Protein chains: 2
Amino acid sequence: MDEIDRKIIGILAQDSRRSLTDIGAAVELSPSSVNERIRRLVASGVIRRFTIDADHRALGLDVLAFVWVGLSPDADEEAFRTFMAGHPSVAECHHVTGAWSYCVKVRMPSLGDIEPFLAELKRRRFLARSETVIALSTVRETQFTSPER
Amino acid sequence: MDEIDRKIIGILAQDSRRSLTDIGAAVELSPSSVNERIRRLVASGVIRRFTIDADHRALGLDVLAFVWVGLSPDADEEAFRTFMAGHPSVAECHHVTGAWSYCVKVRMPSLGDIEPFLAELKRRRFLARSETVIALSTVRETQFTSPER
DNA sequence: ATTGGAAATGGATGAGATCGACAGAAAAAT
DNA sequence: ATTTTTCTGTCGATCTCATCCATTTCCAAT
């Protein structure tokens, strides 16, 4: 994990389809070396996977919401995590400090889909209390700022 | 945007390096057709970009926090958005309903880096009030659940 | 049925990923 | 200090795969 690796990560984060030759030129290394470095980054888990950044709106997921979850005292926390990991509407789920137990980011087709989701959490006895915050617009949704160009 | 396009998106979200032949087999289409569909999905903006999912810990970003921002009444909101869009520690920034103006997801090397960030927001007269929630662990951080296999 | 437009196919071509053999540098051991 | 080992890089060959184009098929509209 040196400066070159970080540079490669940055380039791939911007566009993971850049050719090895291209990346090699940017970091002043042969395509083979870049290939080997990427292979190692994947093997070591630094690169979790190659993926795409899709427009959720275009996919019919028009609503983005943050659901704060206060777990009920008798809730099966392991079951909750499994449920979250498998639910198609859940984009993120974090265990957090503060007044709430979990912060859950969900994407759904419409506002109307939120209530059934909360109802399901309640039905499964996970929920003691919750608060839902709707995102009106998104300023940004990527960690990596494109470096100087 | 039909069922096949959605299927392709799903496959690429899981692994954007799958070959066209491979994807073609999965959706029962020739590699050329898959290529053309992907080209159109990119052109129409449904696929925003090809990227990677990196392990932030390995990159030295050990801390994940949600900063709830209450914008001060005299804040230059456009300047705030520009600042958020450009700040390297900001992973997400959403305009939200409820008691707060914005929800900002930040990733930083250490807890100690949060205070200077807030100080900077204050210095720029953006901040009326704020609340910071630290993520202790992450259950999930991807929208797409891998379909049946 | 006929026609027009869009999407799919198959094959050719060139770009690029991948692999092995070798060289050089850095680190470790004596 | 010298030798040995290990690691990282380069080069060149090969083979896979993306890309492009000509043709065909499919579907919808009249």
Side-chain angles (χ1 to χ4, degrees), chain A residues 1-62 109 142-144 146-149, chain B residues 1-62 109 142-144 146-149:
Chain A
M1 248 288 120
D2 59 4
E3 198 45 52
I4 294 181
D5 280 338
R6 263 181 291 276
K7 226 169 176 176
I8 291 175
I9 298 265
I11 291 171
L12 291 177
Q14 265 192 278
D15 178 9
S16 65
R17 286 206 294 189
R18 289 274 290 277
S19 76
L20 298 177
T21 311
D22 217 14
I23 300 172
V27 301
E28 301 188 323
L29 232 53
S30 72
S32 304
S33 299
V34 176
N35 194 31
E36 174 62 12
R37 277 174 180 265
I38 293 177
R39 198 197 56 74
R40 276 208 311 268
L41 287 169
V42 171
S44 67
V46 177
I47 294 177
R48 290 217 195 86
R49 57 179 178 175
F50 287 74
T51 182
I52 54 169
D53 196 354
D55 179 1
H56 302 283
R57 286 262 164 77
L59 295 173
L61 299 171
D62 288 338
T142 45
Q143 171 89 41
F144 292 100
S146 45
E148 83 300 323
R149 88 180 43 198
Chain B
M1 249 290 122
D2 59 2
E3 198 45 52
I4 294 181
D5 280 338
R6 264 182 289 275
K7 225 169 177 177
I8 292 175
I9 298 263
I11 292 170
L12 290 177
Q14 263 192 279
D15 178 7
S16 65
R17 285 205 296 188
R18 288 275 291 276
S19 77
L20 298 176
T21 310
D22 218 13
I23 301 172
V27 302
E28 301 189 321
L29 232 53
S30 72
S32 306
S33 299
V34 175
N35 194 29
E36 174 62 12
R37 276 172 179 267
I38 293 176
R39 198 197 57 71
R40 275 208 312 268
L41 287 169
V42 171
S44 67
V46 176
I47 295 178
R48 290 215 194 86
R49 58 179 178 175
F50 286 74
T51 183
I52 53 170
D53 197 352
D55 179 2
H56 302 282
R57 286 263 164 77
L59 295 174
L61 298 171
D62 288 338
T142 45
Q143 172 88 41
F144 291 100
S146 46
E148 83 299 324
R149 87 180 45 197

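Computed from a prediction, not measured in an experiment: that's the story for all the values here.
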(request) Identify whether the distance between the nearest side-chain nitrogen and carboxylate oxygen of Arg40(B) and Glu36(B) falls below 4.0 Å. (result) yes
(message) For Arg37(B), is there an ion pair with Asp5(B) - N to carboxylate O distance below 4.0 angstrom?
(response) yes
(message) Would you compute the distance between atom CE of Met1(B) and atom CG of Leu59(A) and round it to the nearest 0.5 angstrom?
(response) 5.5 Å
Would you say [X] places a side-chain N or O within less than 4.0 Å of OP1 or OP2 belonging to [N]?
{"X": "Arg39(B)", "N": "dC20(D)", "result": "no"}
{"X": "Ser33(A)", "N": "dT10(D)", "result": "yes"}
{"X": "Arg37(B)", "N": "dA8(C)", "result": "yes"}

Starting at atom [atom1] of [X], determine the distance to atom [atom2] of [N], rounded to an integer number of angstrom.
{"X": "Asn35(B)", "N": "dA15(C)", "atom1": "CG", "atom2": "P", "result": "16 Å"}
{"X": "Ile38(A)", "N": "dA17(C)", "atom1": "CD1", "atom2": "C1'", "result": "10 Å"}
{"X": "Arg17(A)", "N": "dA15(C)", "atom1": "CZ", "atom2": "P", "result": "17 Å"}
{"X": "Ile4(B)", "N": "dT9(C)", "atom1": "CD1", "atom2": "P", "result": "9 Å"}
{"X": "Leu29(A)", "N": "dC11(D)", "atom1": "CG", "atom2": "C1'", "result": "13 Å"}
{"X": "Asp5(A)", "N": "dC7(D)", "atom1": "CG", "atom2": "P", "result": "16 Å"}

(request) Please state whether the base of dC20(D) and the side chain of Ser32(B) form at least one donor-acceptor pair under 3.5 Å? (result) yes
(message) What contact category does Ser19(A) fall into here, base, sugar-phosphate, or nothing, at under 4.0 angstrom with non-hydrogen atoms?
(response) sugar-phosphate
